[in-house]
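Written out below as structure tokens is the structure these notes cover.
Residues take their numbers from the sequence shown, with the count starting at 1. Hydrogens, waters and symmetry mates are skipped; everything else that's a heavy atom, side chains included, is used.
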Amino acid sequence: MIDLLHDCDPGNDDAVAILAALGHPSVNLLAVTTGAGHLAGERTAVNAAITVAAASPRKVPVSAGATGPLLRERLIARILDMDNGLDPVRDDLERIALDERHSVDRIAAEVTSHPGLTIVTTGPLTNLALALRRHPEIADKIGRIVTLSGAWGLGTKSAAAEWNILCDPEAAAIVYDAGIPLTMVPVDASATVPITAALIDRIAGLPGRAAALAAELLASLVTTHRPGVFAPPEMPLHDPCAILVAAAPDIARTVPARVDVETTKGLNYGRTVVDFASRSDRPVNCDVVISFDVAATHKALFQALSALSQLQARL
């Protein structure tokens with residue numbers, strides 16, 4: 001079992017990832033920290049608090065963090081489902097009280113108390129970059145960072161950059177260059193794991209609040225999918241893939257690479273430059289996921305949510 005902290009910006013796929021972490025038998029989720037990204041910072045924190053409440057009796061602290069990027073202006077998500085899931089304000093859903101500790105301080109405290117822990121990021125990397133700058137001593141105590149961010153090919157927010165990186169390229173550059181073991185889950189790889197009708201139906205068939213919320217979140221994500229020239233035919237699972245690969249690395253294939261983040265303003269701002277062939281003299285700094293076992297990934301998600309569902313059914 002791994003100790004894990006999840007830094008995120010819920011967002012429907014982040015929320016499914018939180019539920020997967022709370023249910024996965026190989027994960028000891030210590031805390032959820034949130035920042036601005038998919039929605040404004042105060043909304044992402046509330047959404048995480050709603051998600052954790054749905055997982056009762058499993059509970060972990062939720063801390064709110066950065067409300068904007070280090071240097072650039074804050075970006076706004078362009079495609080939202082304002083009728084279902086957690087994109088609209090959900091005052092009808094129970095939430096836990098937010099922890100008073102800021103995300104940056106919560107990250108530092110958990111790393112200090114649990115040396116060797118894994119940090120999974122599924123949003124902009126602002127909180128983690130700030131934690132590494134304010135508490136540099138924690139860098140040697142982090143076992144691994146698994147980050148759903150970046151792309152080896154085309155971007156998803158701009159022509160060159162993926163959303164989580166483009167939201168705060170300077171923070172991403174700090175984290176990628178920190179010398180900490182890092183697994184990059186690029187959108188090129190996570191996009192190969194679809195949210196299928198069969199997956200939603202199986203999860204919807206589980207009892208309990210957690211499964212019901214997960215099914216609603218997945219169905220909501222499907223409605224936001226916009227096909228494009230190189231877009232996958234079905235809505236990708238994305239963020240839960242990072243939790244699942246942190247818990248069970250064998251569901252994915254990784255290769256070592258050098259990854260640098262472009263921080264110069266212009267057309268390539270926020271691009272992750274992935275060098276698989278060691279064409280520069282810069283050392284390798286990432287294990288990059290290049291493919292997923294889709295069936296194994298779907299199975300891992302279902303089993304994690306099923307374990308949470310069974311726990312709730314016994315109450």
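- Pairing each heavy atom of Val288 with each of Pro186, the nearest pair is CG1-CG, 4.0 Å.
- From Arg209, atom CZ reaches atom CD1 of Ile50 across 11.0 Å, with rounding to the nearest 0.5 Å.
- Within the 3.5 Å criterion, the main-chain N or O of Ala53 finds no donor-acceptor partner in the side chain of Ser56.
- Contact between Gly123 and Asp14 at its shortest, heavy atoms only, is N-OD2, 4.4 Å.
- Taking 4.5 Å as the limit, some side-chain heavy atom of Asn127 sits within range of a side-chain heavy atom of Ile107.
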Discussion item. Apply side chain to side chain donor-acceptor pair (under 3.5 Å) to residues Thr224 and Asp81 and explain how you reach the verdict.
Written reply: CA-CA 6 Å; Thr224 66; Asp81 174 9; over 6 Å; no
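- Linking Ile, Leu, Val, Met, Phe, Trp and Tyr residues whenever their side-chain heavy atoms come within less than 4.5 Å places Val185 and Leu237 in a single cluster.
- Taking 4.5 Å as the limit, some side-chain heavy atom of Ile290 sits within range of a side-chain heavy atom of Trp152.
- In this structure, Ile142 CD1 and Ile180 CD1 are separated by 4.0 Å, a value rounded to the nearest 0.5 Å.
- Summarising the geometry of Gln312 relative to Ala55, their closest heavy-atom pair is NE2-C, 3.4 Å, with the distance given to 0.1 Å.
- Remark: side-chain polar atoms of Ser103 are paired, donor with acceptor, to backbone N or O of Gly65 under 3.5 angstrom.
- With hydrogens and angles disregarded, a donor-acceptor distance shorter than 3.5 Å links the side chain of Asn47 to the backbone of Leu86.
- Proximity of a side-chain donor or acceptor of His225 to a complementary backbone N or O of Pro232 within less than 3.5 Å is detected.
- Taking 4.5 Å as the limit, every side-chain heavy atom of Leu206 sits out of range of all side-chain heavy atoms of Leu308.
- Between Glu162 and Arg271 there is no salt bridge, since no side-chain N of the basic residue sits under 4.0 Å from a carboxylate O of the acidic one.
- Side-chain atoms of Arg43 come within 3.5 Å of backbone atoms of Pro88 as a donor-acceptor pair (strictly under, hydrogens ignored).
- Summarising the local packing, CD of Glu137 is surrounded by more than 12 heavy atoms from other residues, nucleotides or ligands at distances under 6.0 Å.
- The backbone N or O of Val259 sits less than 3.5 Å from a side-chain atom of Asn285, completing a donor-acceptor pair.
- Between Leu117 and Lys141, the closest side-chain pair of non-hydrogen atoms is not below 4.5 Å.
- Counting only distance, with no hydrogens or angles, the side chain of Ser309 and the backbone of Leu305 share no donor-acceptor pair below 3.5 Å.
- Placement of Leu30 and Val62 in two distinct hydrophobic clusters is found when ILVMFWY residues are connected by side-chain heavy-atom separations under 4.5 Å, directly or transitively.
- Contact annotation: the side chain of Ile145 approaches that of Leu128 to within less than 4.5 Å [non-hydrogen atoms, C-beta and beyond].
- Looking at Asp7 and Thr121, their side chains never bring a donor and an acceptor atom within 3.5 Å of each other.
- Taking OG1 of Thr33 as the start and CZ of Arg101 as the end, the distance is 12.0 Å to the nearest 0.5 Å.
- Note that CG of Leu199 and NE2 of His298 are 5.0 Å apart. Values are rounded to the nearest 0.5 Å.
- Using a 4.0 Å cut-off between a side-chain N of Lys or Arg and a carboxylate O of Asp or Glu, Arg282 and Asp275 do not qualify as a salt bridge.
- Looking only at side-chain heavy atoms (C-beta outward), Leu218 and Val16 come within less than 4.5 Å of each other.
- Few gaps surround CZ on Arg90; more than 12 heavy atoms of other groups in view lie less than 6.0 Å from it.
- Side-chain atoms of Thr183 and Thr147, non-hydrogen and from C-beta on, never get closer than 4.5 Å to each other.
- A donor-acceptor pair under 3.5 Å is absent between the side-chain atoms of Asn164 and the main chain of Ser149, judged by distance alone.
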Discussion item. Evaluate His38 against Thr44 for side chain to side chain donor-acceptor pair (under 3.5 Å), listing each step before the verdict.
Written reply: CA-CA 8 Å; His38 180 75; Thr44 63; over 6 Å; no
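- Cluster membership for Ile195 and Val289, using ILVMFWY side-chain heavy atoms within less than 4.5 angstrom, is shared.
- The minimum heavy-atom distance between Cys8 and Val32, with the atom names listed, is SG-CG1, 3.7 Å.
- Residue Ala151 comes nearest to Asp188 through the heavy atom pair CA-OD1, 3.0 Å, listed as atom of the first residue, atom of the second, then distance.
- Note: Asp239 CG to Leu148 CG = 4.5 Å, rounded to the nearest 0.5 Å.
- Under a hydrophobic clustering in which Ile, Leu, Val, Met, Phe, Trp and Tyr are joined whenever their side-chain heavy atoms come within less than 4.5 Å, directly or via other members, Leu93 and Ile203 fall into the same cluster.
- Looking at Leu244 and Leu301, their side chains come closer than 4.5 Å, going by heavy atoms from C-beta outward.
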Worksheet item: Are Thr297 and Phe302 close enough, and set up right, to give a side chain to side chain contact (heavy atoms under 4.5 Å, CB included), and what steps lead you there?
Response: CA-CA 9 Å; Thr297 305; Phe302 178 79; over 6 Å; no
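- The backbone N or O of Val52 sits nowhere less than 3.5 Å from a side-chain atom of Arg95 that would complete a donor-acceptor pair.
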Practice prompt. Tell me, with the steps shown, if Thr196 and Ile200 meet side chain to side chain contact (heavy atoms under 4.5 Å, CB included).
Written response: CA-CA 6 Å; Thr196 63; Ile200 296 173; over 6 Å; no
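- Looking at Thr126 and Asp168, their side chains do bring a donor and an acceptor atom within 3.5 Å of each other.
- Note that CZ of Arg133 is 8.0 Å distant from CG of Leu70, once rounded to the nearest 0.5 Å.
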Fill in: Derivation of the side chain to side chain contact (heavy atoms under 4.5 Å, CB included) call for Tyr176 and Ile165
CA-CA 11 Å; Tyr176 272 77; Ile165 298 289; 4.0 Å; yes
Discussion item. Go through it in stages, so that I can follow the logic: the residues are Arg258 and Ser280, the test is side chain to side chain donor-acceptor pair (under 3.5 Å), and I'd like the CA-CA distance, side-chain angles, deciding distance and then a yes or no.
Written reply: CA-CA 9 Å; Arg258 175 72 200 187; Ser280 76; 6.0 Å; no
Fill in: Trace of the side chain to side chain contact (heavy atoms under 4.5 Å, CB included) decision for Ile119 with Val146
CA-CA 6 Å; Ile119 295 178; Val146 179; over 6 Å; no
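- Shortest non-hydrogen contact noted between Pro236 and Ala191 is CB-CA, 3.5 Å.
- Checking side-chain atoms of Asp3 against main-chain N and O of His114 turns up no donor-acceptor pair under 3.5 Å.
- Tracing side-chain contacts under 4.5 Å through hydrophobic residues (I, L, V, M, F, W, Y), one reaches Val255 starting from Met184; they form part of the same cluster.
- A donor and an acceptor atom, one from each side chain of Ser220 and Glu216, are nowhere located under 3.5 Å apart.
- Atom NZ of Lys299 sits in a sparse spot, with 12 or fewer heavy atoms from other residues, nucleotides or ligands closer than 6.0 Å.
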